[in-house]
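Reading through the structure tokens given below for one structure.
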There are 2 protein chains.
Amino acid sequence: MNIEDLKPHAEDATKLLRSIAHPTRLLVLCALKDGPVSVGALQDTLGIDQVPLSQQLMKLRAEGIVEGQRRGNQIFYAIARPDILQIMQSLQEVVCGPAVAAQQKGQTHAA
Amino acid sequence: MNIEDLKPHAEDATKLLRSIAHPTRLLVLCALKDGPVSVGALQDTLGIDQVPLSQQLMKLRAEGIVEGQRRGNQIFYAIARPDILQIMQSLQEVVCGPAVAAQQKGQTHAA
DNA sequence: TATGAATATTCAAGTTTATGAATATAGAAG
DNA sequence: CTTCTATATTCATAAACTTGAATATTCATA
């Protein structure tokens, strides 16, 4: 992490952070981490109504974070930039605590 | 990274992301990563005018991300939540590319 | 081609966030 | 107590983001 390296990318980094900085969008990304999921399934899993969910999906798509693929009647969304999962992981460790994050990785060294 | 774990923290996570999602704020955090720095030094290092810099410092302080300590005439700012450096690191790897990030760690395995 | 299920889009508030200009405050030094 | 340096604050405007309501589109199937 170096200032001179970051300087030319500060705008991009800001844009990226803002593109995911929304409760619904974070949850969507989390839900997509293991592969494509249909809008309907996201609706059920996250408990979010169709319209607001679709609105956030549109933003994620507009930023190139996710992409949708039609399969018959449904549209399956998938993460288009796997590298952002790294940010999600760090974020979860910060907000959910190291315990939960470590548990996710299978390192349940009980304290 | 699990939906059920993240759900109750989605609002907090969003707030955290937004609190750092600004070019100046990102650069400030990067500049503080190795210890306290005075406002004047930040001004010089980042090439940002005093007023806008102070405005962003105020926001970071209001969110509890940094804290300032007076030493005589100057105020030295430091990171109050070291855990966010992890997010910064991930972010840098994403926006600056793995090459730069690895180089930072000393793993210059030329491709 | 009509119908139903799944998903997307538009629009209009309302709210937050960013930016620049002007200025205020706090402490050091004389 | 005045002056200088360092830093903070206020304010107004502009821009971006969020949300809900209403509705449109797309495809499958009959």
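When reading the values below, keep in mind they use all heavy atoms of this one structure, side chains included, and skip hydrogens, waters and symmetry mates. Here is how names work: the chains are called A, B, and so on, in the same order as the sequence lines, proteins then strands, and each is numbered from 1.
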Distance, rounded to the nearest Å, where L53(A) contributes CG and dA21(D) contributes P: 17 Å

Nucleotide dA28(D), atom P - distance to CZ of R71(A) in whole Å: 14 Å

Nucleotide interval of DNA chain C bounded by contacts with chain B (heavy-atom cut-off, under 4.0 Å): dA18(C) to dA28(C)

Under 4.0 angstrom between Y77(B) side-chain N/O and dA6(D) OP1 or OP2: no

d(CD1, I48(B); P, dA6(D)) in whole Å: 18 Å

Nearest-angstrom distance from the residue atom CD of Q55(A) to P of dG20(D): 9 Å

Rounded distance (Å) that lies between atom P of dA6(D) and atom CD of Q74(B): 7 Å

Distance test, side-chain N/O of H22(A) to OP1/OP2 of dT19(D), below 4.0 Å: yes

Rounded distance in Å - CD (Q50(A)) to C1' (dA21(D)): 13 Å

Spacing of L60(A) atom CG relative to dT18(D) atom C1', expressed in whole Å: 14 Å

DNA chain D stem ranges, 3 or more consecutive Watson-Crick or G-U pairs under 3.5 angstrom: C:1-30 with D:1-30

Sugar-phosphate only, base, or nothing, as touched by F76(A) at under 4.0 Å among non-hydrogen atoms: nothing

Rounded distance in Å - NZ (K59(A)) to P (dA16(D)): 13 Å

Sugar-phosphate, base or nothing in reach of R25(A), heavy atoms under 4.0 Å: sugar-phosphate

